[in-house]
Amino acid sequence: MKGRKRVYKYSDYIEAAEMIRGKADRIPDTAVVLGSGMGELFSNGVHISYSSIPHFPKATAPTHKGELIITDKAVIFSGRTHYYEGYEPEQLVFYVRVLKLLGIKKLILTNAAGGVNRSYSVGDIVLITDHIKLTAANALRGRNDENFGERFIDMTEAYSKRLRKSAHECAERLGIQLKDGVYFYMSGPNYETPAEIRAISVLGGDLVGMSTVHECIAARHCGIEVMGISCVTNMACGISDTPLSSDEVTAAAEANREKLTLFLNVLIERISGNDRV
Ligand code: HPA
């Protein structure tokens, strides 16, 4: 199928993957992307700055560090790029395809999100059961790269059922309350209006945020299993009366750092290198 030219050539992904592979003795089969304010969750391991990786887009959002850390059990991305920064969706998912070439099988996408569901509170950890993405271009738009996957992909289980089951078991063991919810994507960078939040609620969104869905789509395209975890950093606009600020979002994510680190470490321990999770 002909179509719009792609930003990257297949050889660009290979170049980036080879650079990363050259820095570590072993690459685990699980990767984690840390959302806003979560950049300090992991420190031990091989650190590689995004700027040193060929073709890798820079993370420009505040609190997104822009480095990856390879630990025994997971490849951790501290900082991601967003559509609102001006990138092409294909650039947002560059690293997902590099992960595929590195042999990654499971990807945990974390994010800071606004709570739309009134049963949530700030500080809740919510497991993403599904997402709604009605706006912004699609990372798979344009000529399909058959090296990664097929043109049309099934999204019935965008967020892996078996990984979700493992996440609930880990949370229960730790005594952490883990809620379920549908993530509604908005391209940002403005926070939503109260009317938009009412619409999102009617459409079935429990959480609202500006990331994650592009990466999930690219991961499903190339057969990587996905888990999504949101930290509710604020109640969405109109649900709470106070005006939103990114400082509030970052502060709430940071306040939950300890709980999230513990949860992620136990989760990684459970699913990394384990085909049966
Ligand atoms: N809206 C969109 N994105 C967000 C929010 C929000 O309320 N909180 C954190 N990221």
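Start at 1 and go down the list; that is how both ligands and their atoms are numbered.
- If you look at ligand 1, the protein residues with a non-hydrogen atom under 4.0 Å away are A112, A113, G114, Y191, E192, V208, G209, M210, T233, N234, L244, V249.
- A salt bridge between R220 and E157 is absent, with no side-chain N of the basic residue lying under 4.0 Å from a carboxylate O of the acidic one.
- Between Y50 and P57, the shortest heavy-atom distance links the atoms CD1-O, 4.2 Å.
- Y13 and Y10 have tilted rings, their planes meeting at an angle from 30° to 60° on a 0 to 90° scale.
- Heavy-atom contacts from other residues, nucleotides or ligands closer than 6.0 Å to NZ of K259 number more than 12.
- Aromatic ring centroids of H131 and F184 lie 6.0 Å or more apart.
- Using a 4.0 Å cut-off between a side-chain N of Lys or Arg and a carboxylate O of Asp or Glu, K165 and E169 qualify as a salt bridge.
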